[in-house]
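Numbering starts at 1 and runs along the sequence shown.
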Amino acid sequence: MRNKDKSSKVASNSKLPQHSLVAVTWEDASFDLDKDPGTLQMVTVGYLIRQTAALCVVAGEAGTNMDYFRSYTAIPASIIRSIRLLQPA
C-alpha cells in the first residue's frame, strides 16, 4: 500500500516559503517536570509567517486571499524538534 501522506519533513533551520502550511513539533517549555519527569511534545499546525534563527511564527487562521492572518504562535527555535511541510505556499 502506498503512503498517501504528501508531507515532507525538513530541518528546522531550512528556510521554507512564507505562508506554506506546516506542522511544527516542539517541546513545551512550560511543562511541569516536577509533576511529570518526561517531556511533552506539542504539534502546531498552521501557516508559516516568519522563520528566523531565533524563532518560528505560525498562524492558525488565514483570510481566503491569504492576505490576512491571526491566531499566532511564536515558537523559539531552541525547542523546535522538526518542521514538516504540509503544503507549499
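Annotation for Val45 and Val58: closest pair C-CG1, 4.0 Å, computed over non-hydrogen atoms. When all heavy atoms of Ile80 and Trp26 are compared, the pair lying nearest together is CA-CB, 4.0 Å. Between Leu16 and Gln51 the shortest heavy-atom distance is N-OE1, 3.1 Å. Taking both residues in full, the closest heavy atoms of Leu48 and Cys56 are given as CD1-SG, 3.5 Å, listed atom of the first, atom of the second, then distance. Considering all non-hydrogen atoms of both residues, Val43 and Ala23 come closest at CG1-CB, 4.2 Å. Residue Pro17 comes nearest to Ala89 through the heavy atom pair CB-CB, 4.3 Å, listed as atom of the first residue, atom of the second, then distance.
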Would Ile75 and Met42 count as a side chain to side chain contact (heavy atoms under 4.5 Å, CB included) here? Give the steps. CA-CA 11 Å; Ile75 307 164; Met42 304 296 292; over 6 Å; no

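In this structure, Gln18 has no side chain to side chain contact (heavy atoms under 4.5 Å, CB included) partners at least two apart in sequence or on a different chain. Contacts of Ser20 classified as side-chain hydrogen bond (donor to acceptor under 3.5 Å, both in side chains), with partners at least two apart in sequence or in another chain: none. In this structure, the side chain to side chain contact (heavy atoms under 4.5 Å, CB included) partners of Gln41, at least two apart in sequence or on a different chain, are Thr25, Glu27, Arg81. Not counting sequence neighbours, the partners of Met66 by the side chain to side chain contact (heavy atoms under 4.5 Å, CB included) test are His19, Tyr47, Ala62, Phe69. For Leu55, the side chain to side chain contact (heavy atoms under 4.5 Å, CB included) partners at least two apart in sequence or on another chain are Thr52, Val57.
Distance CG/Leu21 to CG/Leu86: 4.5 Å, rounded to 0.5 Å.
Every pair passing salt bridge (charged side-chain N to carboxylate O under 4.0 Å, His left out) that includes a residue from residues 48-69 is listed here, sequence neighbours excluded: Glu61-Arg70.
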